[in-house]
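Residues: numbered from 1 along the sequence shown. For ligands, and for the atoms within them, numbers begin at 1 and follow the listed sequence.
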Amino acid sequence: MSSVAANIAAIIKHIDKEPGREGLRETPNRYAKFIEEFTSPPAFTPTTFASEGYNEMIVQDNIAFYSLCEHHLLPFFGTGTVAYIPNERIIGLSKLARTLEHHSRRLQNQERITEQVAEYLQDILKPKGVGVVLSARHLCMEMRGVSKPNVCTTTSTLRGIFKTNPRTRGEFLNLKKGLR
Ligand code: ZN
């Protein structure tokens with residue numbers, strides 16, 4: 001048994017009256033496998049291409065993501081909208097979702113994922129601007145603490161002309177609204 005599995009076994013023993021029963025026998029190993037897999041998202045190469053003069057907004061909406069809150073080790077999950085206006089490079093479309101996945105699958109908080117995704121795209125693409133909006137449900141808010149089910153937490157960050165140009169900012173935020 002790995003040390004992770006052994007520790008999960010200790011937790012189960014602490015919270016369950018019958019920790020030796022059949023249904024729980026493999027649980028420590030299953031959980032250890034899950035947490036190992038979850039926090040090791042597949043590596044990806046952020047392939048970029050010449051933008052060939054395309055200089056309008058590229059938006060991907062409704063990208064599902066799953067993460068673990070670093071304060072409670074409980075899941076938070078939801079959807080993201082990622083947009084940018086290219087400068088000289090564009091990124092393969094599937095890579096926007098990959099970027100969000102890559103930054104979500106570790107111990108996190110929602111604000112940091114939002115910033116890291118924007119920062120990553122900024123670094124790789126040097127675009128004219130980037131916008132990232134995440135909306136998520138946090139089980140640490142729903143199952144414990146304030147116990148408020150179905151509350152959606154939204155975080156956003158705008159970089160470059162998404163921040164400085166009111167028209168671009170408006171276009172992005174309206175597009176986001178329209179897509180709902
Ligand atoms: Zn939490």
Side-chain angles (χ1 to χ4, degrees), residues 1-19 21 23-44 46 59-84 94-124 130-159 162-163 169 172-173 175-177 179-180:
M1 200 184 268
S2 69
S3 69
V4 174
N7 283 298
I8 296 300
I11 292 173
I12 291 174
K13 213 168 157 188
H14 181 72
I15 60 175
D16 199 275
K17 286 194 176 72
E18 226 190 303
R21 69 175 181 274
L24 287 173
R25 210 169 292 153
E26 275 304 307
T27 302
N29 289 328
R30 278 189 214 105
Y31 187 82
K33 189 169 170 233
F34 155 71
I35 206 70
E36 184 63 44
E37 266 174 25
F38 181 77
T39 55
S40 320
F44 75 102
V59 190
Q60 223 166 66
D61 184 55
N62 215 18
I63 310 170
F65 74 95
Y66 298 85
S67 190
L68 284 172
C69 137
E70 67 184 5
H71 301 129
H72 303 98
L73 295 185
L74 287 171
F76 65 97
F77 57 95
T79 57
T81 303
V82 181
Y84 69 101
S94 66
K95 308 299 183 194
L96 292 177
R98 283 271 188 228
T99 299
L100 179 53
E101 180 186 37
H102 179 79
H103 291 91
S104 304
R105 285 174 60 174
R106 56 180 89 151
L107 302 182
Q108 269 290 19
N109 67 53
Q110 187 178 331
E111 295 83 347
R112 192 190 298 129
I113 301 175
T114 315
E115 289 298 327
Q116 285 178 342
V117 168
E119 200 59 47
Y120 184 85
L121 294 173
Q122 190 70 44
D123 264 15
I124 300 257
V130 178
V132 179
V133 179
L134 302 184
S135 299
R137 287 176 57 188
H138 291 249
L139 292 189
C140 62
M141 259 183 76
E142 300 193 19
M143 294 173 67
R144 55 163 294 289
V146 290
S147 297
K148 289 275 180 271
N150 274 315
V151 173
C152 197
T153 305
T154 298
T155 49
S156 61
T157 187
L158 303 173
R159 305 279 170 99
F162 281 67
K163 192 168 192 145
R169 183 195 187 99
F172 174 60
L173 296 174
L175 214 85
K176 166 99 189 91
K177 248 181 260 157
L179 288 164
R180 289 277 145 249

Problem set entry | More than 12 heavy atoms from other groups under 6.0 Å of OH on Tyr66 | no
Seminar exercise, completed: In His72, the N/O/S atom nearest the Zn ion (ligand 1) carries the name ND1
Exercise. Is any N, O or S atom of His138 under 2.8 Å away from the Zn ion (ligand 1)?
Worked result: no
Exercise. Hey, which of His103, Glu101, Gln108 is the one that makes side chain to side chain donor-acceptor pair (under 3.5 Å) with Arg105?
Worked result: Glu101
Seminar exercise, completed: Note: SG(Cys69)-the Zn ion (ligand 1)-SG(Cys140) angle, rounded to 10 degrees, equals 120°
For this session: Count the heavy atoms of every other residue, nucleotide or ligand shown that sit under 6.0 Å from CE of Met143, and state whether that count exceeds 12.
Result: no
Problem set entry | Side-chain touch Leu100/Gln60, heavy atoms, less than 4.5 angstrom | no
